[in-house]
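Just below is one structure, and these are the notes that go with it.
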Amino acid sequence: MKKHNFYAGPSILPQYTIKNTADAILDFAGTGLSLLEISHRSKEFQAVMDEAQALVKELLDVPAGYEVVFVGGGASLQFCMVPFNLLNTKAAYLKTGVWAKKAQKEAAMFGEVVEVASSEDKTFCYIPKGFEAKVPTDVDYFHYTSNNTIYGTEIRKDPDVKVPLVADMSSDIFSRPIDVSKYSIIYGGAQKNLAPAGVTFAIVKQDALGKVNRPIPTMLDYRTHIDGGSMFNTPPCVSVYGALQTLKWLKAEGGVKEMERRAIVKSDKLYSEIDRNPFFKATVEDHEDRSRMNICFVMNDNYKELENDFMEFAKSQGMIGIKGHRSVGGFRASTYNALPEESVDALIAAMKEFEKKH
Ligand SMILES: *Cc1c(COP(=O)(O)O)cnc(C)c1O
């Protein structure tokens with residue numbers, strides 16, 4: 001039985017990435033050595049790092065004045081690196097989920113935090129309307145989470161605000177074009193839509209750095225990683241290699257415009273079935289707020305007791321990783337770039353079959 005991988009992260013990667021990384025673990029770039037045992041200072045690995053950074057810039061149309069860095073520590077370390085490097089007096093945060101909340105908590109250690117709006121009152125099942133107008137103009141930056149992985153909400157429009165933007169794009173990077181010029185920093189853990197776990201990406205506007213008065217520990221200073229070409233210390237070589245493979249795949253498949261087209265096709269299909277099928281309902285009601293990457297749904301009110309039955313049935317049909325996050329319950333189908341449309345079709349077929357059987 002074919003397995004359909006709907007895990008939220010680490011999550012499905014292109015076969016191209018998996019195959020090429022496996023090959024390089026056996027013989028890296030014709031060196032006769034494994035990717036696991038080569039020096040990161042070798043010219044062959046330097047080429048991997050350089051190409052990965054260049055491809056991020058190319059695919060996202062990153063303007064001059066920005067650098068791409070690959071570091072460790074996950075998106076969670078970025079929660080503190082961002083304020084360490086950018087927050088002088090005051091920053092604004094939008095609270096749309098636990099990741100957003102964790103980012104906000106770190107910032108509060110460095111200065112005043114203005115909570116622009118929150119959707120915590122309804123388990124983060126919506127994006128607060130009109131948040132852009134509420135962002136103060138005297139803050140150092142405005143931070144938001146573009147895709148709320150746990151709750152299945154997404155802000156796809158680069159916000160219109162008068163202050164520099166910072167975004168956690170862990171789970172929707174490379175799923176659509178973005179206007180990088182509006183941002184000071186875009187960051188994310190790579191394990192959702194890009195690479196095996198272990199590497200974190202950040203796209204950093206160089207002008208935005210060097211404006212805070214506090215000393216910054218060397219490893220937490222973006223300038224260290226920019227100046228060192230993401231090789232100040234040993235990078236996670238395998239994850240960076242995996243990222244490069246996905247970036248090459250993205251380019252060959254048609255780039256972020258094509259990923260956006262596919263994401264629209266896949267998510268529209270699945271939401272339509274959730275809305276049509278009387279056994280299910282989406283947890284995010286407002287269509288505008290619905291994520292194209294993490295699609296959350298529960299059993300409809302009259303069928304709550306069938307949740308385990310559907311889980312078991314879906315498993316028997318090859319669905320993996322559709323259990324919703326414990327704070328939301330129900331189901332979550334993550335439909336990242338690498339997920340083929342046929343996996344969405346298989347899930348829809350299982351939902352229809354379940355409806356017939358009951
Ligand atoms: C997964 C996730 C994180 C946490 O990433 P780590 O790399 O595990 O620290 C942060 N933000 C978002 C939006 C996520 O989806």
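Starting from 1, each residue takes its place in the sequence as its number. None of the values given here were measured: they were computed from a predicted structure. Atoms within a ligand are numbered from 1 in the order they appear, just like the ligands themselves.
Within the structure, no pair that satisfies the salt bridge (charged side-chain N to carboxylate O under 4.0 Å, His left out) test touches residues 320-337, not counting sequence neighbours.
Thr123 contributes no side-chain N or O that, together with a main-chain N or O of Cys125, makes up a donor-acceptor pair within less than 3.5 Å.
Counting Ile, Leu, Val, Met, Phe, Trp and Tyr side chains that sit under 4.5 Å apart, directly or through other members, Ile264 stands alone, with no cluster partners.
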Let me have the donor-acceptor pairs involving side chains of residues 103-121, under 3.5 Å, with sequence neighbours excluded, atom names and distances please.
from	atom 1	to	atom 2	distance (Å)
Gln104	NE2	Glu115	OE1	2.8
Glu115	OE1	Lys95	NZ	3.2
Ser118	OG	Glu120	N	3.0
Ser119	OG	Tyr126	O	3.0
Glu120	OE1	Lys95	NZ	3.1
Glu120	OE2	Lys101	NZ	2.5
Asp121	OD1	Tyr126	OH	2.8
Asp121	OD2	Tyr126	OH	3.4

Ligand 1 N/O to protein N/O, distances under 3.5 Å:
from	atom 1	to	atom 2	distance (Å)
ligand 1	7 (O)	Ala75	N	3.0
ligand 1	7 (O)	Gln191	NE2	2.9
ligand 1	8 (O)	Gln191	NE2	3.4
ligand 1	9 (O)	Ala75	N	3.2
ligand 1	9 (O)	Ser76	N	2.9
ligand 1	9 (O)	Ser76	OG	2.6
ligand 1	11 (N)	Asp168	OD2	2.6
ligand 1	15 (O)	Thr149	OG1	2.4
ligand 1	15 (O)	Lys192	NZ	2.6

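Under the 4.0 Å criterion applied to side-chain N and carboxylate O atoms, Asp275 and Lys281 are not assigned as salt-bridge partners.
Aromatic ring centres of His143 and Tyr93 lie closer together than 6.0 Å.
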